[in-house]
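Just so you know, residue 1 is the first one in the sequence shown, and it goes up from there. Quick caveat, the model's predicted, so the values are computed rather than measured.
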Amino acid sequence: MDPSPSRPAAAPAVRLRGLVKRFGATPALAGLDLELPAARVLALLGPNGAGKTTTVDVCTGFTRADAGEVRVLGVDPAGAPDHLRARIGVMPQGGGAYPGVHAAEMLRVVAACAAHPLDAGWLIEVLGLGSCARTPYKRLSGGQQQRLALACAIVARPELVFLDEPTAGMDPQGRRLVWELIGALRRDGVAVLLTTHLMEEAEALADDVVIVDHGRVVARGSPAELTAGGPQQELRFRARPGMDVGGLATTLPPDCRVAETASGRYLVQGRIDPAVLAGVTAWCAGQGALADDVQIARRSLEDVFLELTGRELRP
C-alpha cells in the first residue's frame, strides 16, 4: 500500500521577507525577515528605535511597508481588510479608552463586535478584574489597565495576537497571571507576537526570540539556543579551603581562570562544558576533596541582548 500523502505544512501566522520602511531619510526597517508559526510565542526584542513598533504596525495594517513581502494569516494586511481584522487581537502598550467607561462596559462593547466572543464576565474574573469591573477606566491602576487591554485583545478568540509590553506596570501576581494566560493561548493554537523589555519575560514565555537593531535581525533562535555557549561562563563549587587553584588551572583549558573567592569557595571562569566540569570534580577527588554545591551560571538572554545591541541607553 502506498503511504498516505503528507499534508502541506500550515502557512505561518506571520511571514515577513525583506521588509523595508523609511520615515523620511530615516530607515526604520532595513530588510527585516521574520516568521511566526501558529501556536508559538515569538518575542521581538530590541532597544528603543530598533524597529519593533514599526514591524507590528506593518503587520496590523496601521503602516504600509515601502518594500518587501508581508503576509499575516496568509493575507497582505495593507488596507487592513475587515475579515483579517476579525482574526487578529492587538494589545498596544498603555491600552487606551474613554476615561469614564467602566472596565466591564469596555470589554462587553468589544465582545459585542465579535462573532463568537469569549464570555466577558468570565474573562474579567480570570484576569483578576472582578473587584474593579465598575471602576472608570481613568481610575484603574496601570496594571489593571494593561490587564483590561489584554482582555480586549483576546475576547474575540483571535488566531493571532500582538502584545506590546503586556505586563508593564504590573505587580508580580498580575505578571504571573498574564504569563499563564499567554501560555493558555499558545495551547489553544493562537500565535503570539510579544514585544517586551523584560528579558525574564521573554525567556519564560517565548518559543522563539528575534532580536532586532537598526531595523535588521541581529539574532534569532530559542532562548536556550541564544544563551548557550558564549565567551564567558562561571562554575562555582565548595571544597576544602586552601587548595592549590594553580594546580587546578593547569588541568583545564587555557581560557579558564580559577580563584578561591572566599574560604572554601571556588570560582572557575571561561567556557564551561562537560569536560571542564569533569576536570574540576576529578581534580578535587585527586586532592581527597569533594566538590560540593556545584553551580553553573550560563549567559542570560539579557547578556546576549546587551552583547548584540550595546549597553548604552538610547532615547
Side-chain angles (χ1 to χ4, degrees), residues 32-37 40-48 50-52 179 194-314:
L32 184 141
D33 295 337
L34 183 149
E35 191 165 295
L36 168 59
R40 303 278 288 184
V41 177
L42 186 149
L44 182 63
L45 308 180
N48 293 334
K52 304 185 301 298
W179 287 9
L194 163 76
T195 64
T196 180
H197 283 99
L198 299 176
M199 298 298 110
E200 176 193 5
E201 185 162 87
E203 286 195 84
L205 296 177
D207 301 296
D208 308 294
V209 173
V210 172
I211 301 177
V212 297
D213 199 13
H214 300 294
R216 295 182 181 275
V217 174
V218 295
R220 71 175 82 233
S222 69
E225 289 168 343
L226 290 177
T227 56
Q232 179 93 346
Q233 296 172 295
E234 294 183 346
L235 184 154
R236 297 177 181 271
F237 66 95
R238 292 187 302 172
R240 186 181 67 245
M243 293 198 300
D244 178 18
V245 295
L248 173 56
T250 61
T251 69
L252 301 177
D255 64 338
C256 287
R257 298 184 301 278
V258 187
E260 185 175 9
T261 58
S263 179
R265 296 183 178 272
Y266 297 87
L267 170 65
V268 179
Q269 292 179 305
R271 190 181 296 273
I272 308 301
D273 58 20
V276 169
L277 175 59
V280 168
T281 56
W283 183 84
C284 287
Q287 306 299 308
L290 174 67
D292 191 19
D293 193 21
V294 177
Q295 300 178 13
I296 299 175
R298 299 188 178 277
R299 290 192 306 170
S300 68
L301 194 55
E302 181 172 344
D303 294 328
V304 176
F305 180 88
L306 292 174
E307 288 170 13
L308 292 170
T309 65
R311 297 176 180 270
E312 73 279 6
L313 182 64
R314 301 189 187 180

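Note: Phe237 CZ to Cys284 SG = 4.0 Å, rounded to the nearest 0.5 Å. A distance of 11.5 Å separates CD of Glu203 from OG1 of Thr196, quoted to the nearest 0.5 Å. Rounding to the nearest 0.5 Å gives a distance of 10.0 Å between CG of Leu45 and CG of Leu198. Rounded to the nearest 0.5 Å, atoms OG1 (Thr309) and CD1 (Ile211) are 7.5 Å apart. We find the CD1-CG distance between Ile272 and Leu277 to be 8.5 Å, quoted to the nearest 0.5 Å. A distance of 8.5 Å separates CG in Asp273 from CD in Gln233, rounded to the nearest 0.5 Å.
Other residues, nucleotides and ligands contribute at most 12 non-hydrogen atoms within 6.0 Å of the CZ atom of Arg216. Heavy atoms of other residues, nucleotides or ligands lying less than 6.0 angstrom from CD of Glu302 number 12 at most. Around CZ of Arg240, the count of heavy atoms belonging to other residues, nucleotides or ligands within 6.0 Å exceeds 12.
Nearest approach of Ala43 to Ala202, heavy atoms of both residues: CB-CB, 3.9 Å. Considering every non-hydrogen atom in both Val280 and Val268, the closest pair reads CG2-CG2, 4.2 Å.
In this structure the side chain of Asn48 reaches within 4.5 angstrom of the side chain of His197, judged on heavy atoms. Contact check for Val212 versus Leu44: side-chain heavy atoms found under the 4.5 Å cut-off. Between Leu32 and Val210 the shortest side-chain heavy-atom distance does not fall below 4.5 Å. Taking 4.5 Å as the limit, some side-chain heavy atom of Glu234 sits within range of a side-chain heavy atom of Leu267. When side chains are defined from C-beta on, Pro47 counts as touching Phe305, because their heavy atoms get closer than 4.5 Å.
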Test log, rule side-chain contact (heavy atoms from CB on, under 4.5 Å), inputs Thr227 and Asp303: CA-CA 8 Å; Thr227 56; Asp303 294 328; over 6 Å; no
Just list the side-chain donor-acceptor pairs under 3.5 Å for residues 243-253, sequence neighbours left out, or say none.
residue: Asp244; atom: OD1; partner: Gly246; partner atom: N; Å: 3.1
residue: Asp244; atom: OD1; partner: Gly247; partner atom: N; Å: 3.3
residue: Asp244; atom: OD2; partner: Gly247; partner atom: N; Å: 3.3
residue: Thr250; atom: OG1; partner: Gly247; partner atom: O; Å: 2.6
residue: Thr251; atom: OG1; partner: Leu248; partner atom: O; Å: 2.7

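For Gln287, the side chain to side chain donor-acceptor pair (under 3.5 Å) criterion is met by no residue, not counting sequence neighbours.
In terms of modelled atom types and a separation under 3.5 Å, the side chain of Asp207 and the main chain of Val41 share a donor-acceptor contact. A donor-acceptor contact shorter than 3.5 Å is absent between the side chain of Glu260 and the backbone of Pro241.
If you run side chain to side chain contact (heavy atoms under 4.5 Å, CB included) between Arg220 and each of Val209, Asp33, Asp208, only Asp33 comes through.
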